[in-house]
2 protein chains.
Amino acid sequence: MIADSAARRDIPDATVARLPQYLRALRDLAERGVPSVSSEELAAAAGVRSAKLRRDLSHLGSYGVRGVGYGVDMLAHEITRELGLAQNWPVAIVGLGNLGHALASYLALATRGFQVVALLDRDPDVIGQQIAGMTVGPVDDLERIVTGRGVAIGVIATPAASAQGVCDRLTAVGVRSVLNFAPCVLSVPAGVDVRKVDLSTELQILAFHEQRKAPAAQEMTPLLEVAP
Amino acid sequence: MIADSAARRDIPDATVARLPQYLRALRDLAERGVPSVSSEELAAAAGVRSAKLRRDLSHLGSYGVRGVGYGVDMLAHEITRELGLAQNWPVAIVGLGNLGHALASYLALATRGFQVVALLDRDPDVIGQQIAGMTVGPVDDLERIVTGRGVAIGVIATPAASAQGVCDRLTAVGVRSVLNFAPCVLSVPAGVDVRKVDLSTELQILAFHEQRKAPAAQEMTPLLEVAP
DNA sequence: TACTGTGAAGCTATTCACAGCG
DNA sequence: CGCTGTGAATAGCTTCACAGTA
């Protein structure tokens with residue numbers, strides 16, 4: 001009875017996307033020495049409703065105690081295992097401009113479950129630089145380095161024009177998880193996951209809502225009248 | 001009949017989140033001189049199914065021509081207006097470490113619809129620096145600067161420990177849209193929108209799927225057995 | 001008693017499939 | 001004819017409300 005028999009299959013995507021938030025909240029609680037937490041408290045710490053949290057956790061199994069709550073350490077450990085963070089995934093970052101540099105620094109320090117094993121760039125001035133304790137290698141050697149160091153996750157922080165080419169080369173040598181910071185759509189073979197992070201998109205979504213909040217501000221740019 | 005009578009209200013969130021992708025694809029097409037595009041082609045360029053694209057665009061109004069497709073310039077203009085990008089939203093970036101620096105550089109150049117009007121940091125060594133043509137100001141003057149320059153959108157790129165405090169000060173002086181890069185949950189008053197961008201979360205979601213793809217790789221770190 | 005886990009209901013989003021129009 | 005726009009069907013997600021349990 002080490003692993004639970006039920007609920008191991010098909011955790012909904014929406015739930016998976018929230019598990020990292022729960023894990024972060026649990027680690028904060030653990031640091032403060034809190035041994036146990038109710039769904040109400042943990043939900044508040046993660047910024048969701050308690051019913052949603054309970055539903056999410058029910059997909060992992062029954063790790064709560066009725067009348068009491070969830071054991072902080074136990075639940076943190078469980079989510080860590082479920083997310084696949086019990087091992088250190090080898091990560092390569094391609095493109096070390098401003099953004100890639102920032103990502104490398106952040107990843108080198110803060111994040112458990114991942115290890116930066118390769119930094120790659122095209123620019124001869126950047127190749128050879130030390131960033132967060134690693135030397136930047138030439139992107140020309142991408143295949144050799146990625147294969148040799150067993151990279152599982154590729155982070156693309158190149159300009160948009162280079163992103164698809166880099167992505168093709170990564171997937172060609174077996175990388176099946178890609179995090180794309182370039183502002184473009186990537187085509188990948190079946191079986192490869194791509195996630196996209198895009199500052200412009202996020203700002204534009206905010207702008208949409210901001211515009212709806214501030215009809216008074218339209219006197220600044222009187223584009224057209226809206227009927228009612 | 002300048003603005004359409006129908007379909008101006010409640011565009012679904014899922015649709016709003018995709019409009020930026022459509023806009024990007026349309027701008028690419030416009031640059032290549034393509035005058036008109038079918039839902040099938042535009043959907044492919046944006047990485048979605050054509051039925052989804054048509055449903056999304058139907059929420060904006062009827063801007064297509066049956067038997068032909070959508071006018072590239074006209075649709076781009078329409079989405080631009082709908083997203084609120086016909087004006088330049090004043091943006092403040094708080095926190096100019098590696099990440100804030102990268103964001104400032106990116107925003108200064110690449111993005112229409114937004115203008116960086118303030119860079120703020122706490123560190124005396126950073127205050128006074130020139131970044132992307134702007135001088136970093138002291139975060140102590142946040143209220144005066146944000147109010148004086150009419151900031152509409154605040155970008156938080158501070159460490160997690162400072163993020164809530166900065167957010168409180170931004171919302172206190174009327175900022176109602178916040179983009180949060182700090183790895184923490186922000187509490188905000190009603191009427192304020194927060195969007196979060198988080199490298200760790202994205203990597204952890206990839207790790208979850210990667211783990212499900214690669215049961216063979218478990219020999220590398222044999223943590224525990226899973227029954228069947 | 002105080003809480004979790006979950007059936008059932010309601011809501012949102014996606015997809016199908018085709019009527020209707022240029 | 002070829003394509004858009006959309007009713008209808010489906011799938012997925014969230015919320016309610018409470019039975020069940022330590």
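The sequence lines fix the lettering, A, B, ..., with proteins before strands; numbering per chain opens at 1.
- For the pair Thr111(B) (side chain) and Phe114(B) (backbone), a donor-acceptor distance under 3.5 Å is absent.
- Atom NZ of Lys52(A) is separated from atom P of dA17(D) by 17 Å (rounded to the nearest Å).
- When rounded to the nearest whole Å, the span between OH of Tyr63(B) and C1' of dG22(C) equals 19 Å.
- Asn98(A) and Tyr106(B) form no side-chain donor-acceptor contact under 3.5 Å, judged by distance and modelled atom types alone.
- No hydrogens or angles were tested; on distance alone, a donor-acceptor pair under 3.5 Å links the side chain of Arg55(B) to the base of dT15(C).
- A distance-only check finds a donor-acceptor pair linking the side chain of Trp89(B) to the backbone of Gly84(B) [under 3.5 Å].
- Within the structure, every side-chain polar atom (N or O) of Arg54(B) is placed at least 4.0 Å from both OP1 and OP2 of dG7(D).
- Distance Leu75(A) CG to dC3(C) P: 16 Å, rounded to the nearest Å.
- No donor-acceptor pair under 3.5 Å is formed between the side chain of Glu143(A) and the backbone N or O of Val173(A).
- The residue among Val68(A) and Pro12(A) whose nearest nucleotide of DNA chain D is located toward the 5' end is Pro12(A).
- Within the 4.0 Å cut-off from OP1 or OP2 of dA2(C), not a single side-chain nitrogen or oxygen of Tyr70(A) is found.
- What separates CG of Asp56(B) from P of dT14(C) is a distance of 7 Å, to the nearest Å.
- The residue among Ala51(A) and Gly67(A) whose nearest nucleotide of DNA chain C is located toward the 5' end is Gly67(A).
- Contact annotation: the side chain of Tyr63(B) never approaches that of Leu57(B) to less than 4.5 Å [non-hydrogen atoms, C-beta and beyond].
- Listed by residue number, Ser38(A), Ser39(A) are the residues of residues 28-43 of chain A with a heavy-atom contact under 4.0 Å to DNA chain C.
- Regarding Leu53(A), its CG atom lies at a distance of 14 Å from the P atom of dC3(C), rounded to whole Å.
- Atom P of nucleotide dG5(C) and atom NE2 of His59(A) are separated by 12 Å, given to the nearest angstrom.
- Between the side chain of Arg66(B) and the base of dT4(D), a donor-acceptor pair under 3.5 Å is found.
- The residues Glu40(B) and Arg49(B) are annotated as not salt-bridged, no charged nitrogen and carboxylate oxygen being separated by less than 4.0 angstrom.
- Rounding to whole angstrom units, CD of residue Glu78(B) and P of dG5(D) are separated by 12 Å.
- For the pair Asp10(B) CG and dC11(C) P, the computed distance is 14 Å after rounding to whole Å.
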Atom pairs and distances, side-chain donor-acceptor, residues 68-77 of chain B, under 3.5 Å, sequence neighbours left out:
none

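- At the phosphate of dC13(D), neither OP1 nor OP2 sits under 4.0 Å from any side-chain N or O atom of Arg18(A).
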